[in-house]
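Before any comments, here is the structure.
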Amino acid sequence: MKLISPSLLSADFGNLQRDIEMLNASECDWLHVDVMDGIFVPNISFGQPIVKHIKKHAQKPLDVHLMIMDPGRYVQDFRDAGAAILTIHYEACHHHDRVLHAIHDAGMKGGVVLNPSSPVSLLEDIIQECDVVLLMSVNPGFGGQKFIENTYNKVRQLRALCDRKNPQCLIEVDGGVNLQNAIKLFEAGADVLVAGNAVFKSDDPAATIHQMKQ
Ligand code: DX5
Ligand code: ZN
C-alpha cells in the first residue's frame, strides 16, 4: 500500500480550516495529527479541543500520534474528538496490550510507535495487536528535522516481523520524509508515509502529495 498522511504540525495554525480543505481536495489518505505534552517530548502542540475542530473540517481519517506519557488515560477523549487511528509510544506506556485493547474497544484502529533508538524486536509480543506500527525517523517533538538513515533497516526488519506474525499490519514512517526518500521507503516495505514540511513548505502541496504516491 502507498498511503500519505500529511502532518498538520506543519500547517498554518492560523488557517487550519483552509489547509485541511486543501488536503481534502488532495490525494492524501489520512491526516496526521501530532499531540505533544511537553514531558514525553520537549514540545507542546495541541490537545483534544483542537482535534475536535480539525475533525469538523476533515474528510479523511484522523491519524492521531500521541507523544504523551501514559496515553491510556486519554483513549476515550481522542475517540470522542474524532480520531480514527490512535498510536501510542512504546516508550511512554507500560501496558501496551491493555491500551491497544482499549483503543479497539473504543472503535479505533491502534498501533505502537517506536523512537529511533527503540529496536523493532520490542514488538515481538505486541505486533499481533497492532493495526499499524509507526517508526519514527527523527527524534519526536519537532517538524523539519533530518531523516535518520537507519530507518530503512528498521522498515525491512519490521516487514519481516509482520510477514511472520501479522501480515495485515501497516508500516508507517514519520519524520524527515521527502520526495527523495519516499521512493526508497516504499521499496523497503513502508505502507504509510507521514510528511510535514515536505508537503506544507512546498510550492504546490497537492502536487507534492501526488508525486509522493507515484
Ligand atoms: C515529529 C512529528 C512528525 C512531524 C513530521 O515529532 O511526529 O509528525 O510533524 O514533520 P516533518 O515531515 O517535517 O519531519
Ligand atoms: Zn507524528
Side-chain angles (χ1 to χ4, degrees), residues 1 3 5 7 9 30 32-43 45 63-75 78 83-106 108-143 145-177 181 184-196:
M1 226 174 280
L3 308 183
S5 188
S7 169
L9 194 63
W30 299 347
H32 189 80
V33 179
D34 287 302
V35 176
M36 305 179 182
D37 66 356
I39 299 173
F40 178 63
V41 291
N43 200 8
S45 57
D63 162 32
V64 178
H65 173 193
L66 294 183
M67 284 163 273
I68 65 176
M69 288 308 293
D70 203 359
R73 294 173 295 158
Y74 291 105
V75 168
F78 282 99
I85 302 133
L86 201 60
T87 54
I88 55 160
H89 266 263
Y90 189 90
E91 306 84 2
C93 179
H94 292 300
H95 303 289
H96 313 97
D97 183 78
R98 177 183 293 154
V99 176
L100 285 172
H101 277 282
I103 292 172
H104 289 145
D105 289 347
M108 293 176 282
K109 302 239 181 267
V112 170
V113 189
L114 290 184
N115 276 338
S117 61
S118 295
V120 168
S121 58
L122 290 172
L123 302 172
E124 192 72 39
D125 291 314
I126 193 64
I127 190 78
Q128 298 91 330
E129 301 303 328
C130 294
D131 302 296
V132 57
V133 169
L134 175 51
L135 295 177
M136 289 309 302
S137 40
V138 298
N139 290 296
F142 305 94
Q145 302 183 79
K146 190 175 173 300
F147 179 81
I148 295 173
E149 297 284 325
N150 185 45
T151 309
Y152 299 116
N153 294 326
K154 290 180 77 173
V155 171
R156 284 188 283 266
Q157 289 165 16
L158 180 55
R159 183 86 275 162
L161 176 63
C162 291
D163 286 349
R164 203 154 45 81
K165 291 196 156 175
N166 182 1
Q168 317 296 337
C169 178
L170 297 177
I171 299 177
E172 184 173 15
V173 177
D174 182 9
V177 172
N181 55 30
K184 286 170 72 180
L185 286 165
F186 281 134
E187 276 172 6
D191 300 294
V192 189
L193 300 183
V194 176

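Just the heavy atoms: all of them, side chains too, but no hydrogens, waters or symmetry mates, feed the values below.
- With sequence neighbours excluded, no residue forms a salt bridge (Lys or Arg N to Asp or Glu O under 4.0 Å) with D105.
- Scored by the side-chain contact (heavy atoms from CB on, under 4.5 Å) test, A160 finds no partners at all (sequence neighbours excluded).
- Ring orientation note: the planes of H89 and H65 are close to parallel, at an angle under 30° on the 30°/60° scale.
- Residue pairs satisfying the side-chain hydrogen bond (donor to acceptor under 3.5 Å, both in side chains) criterion with at least one member in residues 127-136, sequence neighbours excluded, are listed as follows: H104-D131.
- For the side-chain contact (heavy atoms from CB on, under 4.5 Å) test, residues two or more places apart in sequence or in another chain that qualify with I39 are D37, M69.
- A donor-acceptor contact shorter than 3.5 Å is absent between the side chain of K154 and the backbone of M136.
- Considering only residues two or more places apart in sequence or on other chains, D191 meets the side chain to side chain donor-acceptor pair (under 3.5 Å) condition with R159.
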query = Given I127 and L158, is the side chain to side chain contact (heavy atoms under 4.5 Å, CB included) satisfied, shown in steps?
reply = CA-CA 10 Å; I127 190 78; L158 180 55; 4.0 Å; yes

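- No hydrogens or angles considered: a donor-acceptor pair under 3.5 Å links the side chains of S7 and D34.
- Annotation: side chain of L66 is not in contact with side chain of F40 (no heavy-atom distance under 4.5 Å).
- Side-chain atoms of N43 do not come within 3.5 Å of backbone N or O of F142 as any donor-acceptor pair.
- Here the side chain of S137 pairs no donor or acceptor atom with the backbone of T151 at under 3.5 angstrom.
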request  = Take Y74 and V35 through the side chain to side chain contact (heavy atoms under 4.5 Å, CB included) test and state the conclusion after the steps.
outcome  = CA-CA 11 Å; Y74 291 105; V35 176; over 6 Å; no

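- In this structure the side chain of I103 reaches within 4.5 angstrom of the side chain of I88, judged on heavy atoms.
- Expressed to the nearest 0.5 Å, how far CZ of F78 lies from CG of L86 amounts to 7.5 Å.
- Between the side chain of Q145 and the backbone N or O of G175 there is no donor-acceptor pair closer than 3.5 Å.
- Put simply, the side chain of E91 gets close to the backbone of N115: a donor and an acceptor are under 3.5 Å apart.
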CA sep, side-chain torsions, deciding dist, call: F186, K184, side chain to side chain contact (heavy atoms under 4.5 Å, CB included) = CA-CA 6 Å; F186 281 134; K184 286 170 72 180; over 6 Å; no

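- When the shell of 6.0 Å around OH of Y152 is examined, it contains more than 12 heavy atoms from other residues, nucleotides or ligands.
- The main-chain N or O of D63 is never found under 3.5 Å from a side-chain atom of K109 such that the two would form a donor-acceptor pair.
- In this structure, C93 SG and L100 CG are separated by 7.5 Å, a value rounded to the nearest 0.5 Å.
- Not counting sequence neighbours, the partners of K165 by the salt bridge (Lys or Arg N to Asp or Glu O under 4.0 Å) test are E124.
- Of the possible polar contacts, one joining the H96 side chain to the Y90 backbone as a donor-acceptor pair under 3.5 Å is found.
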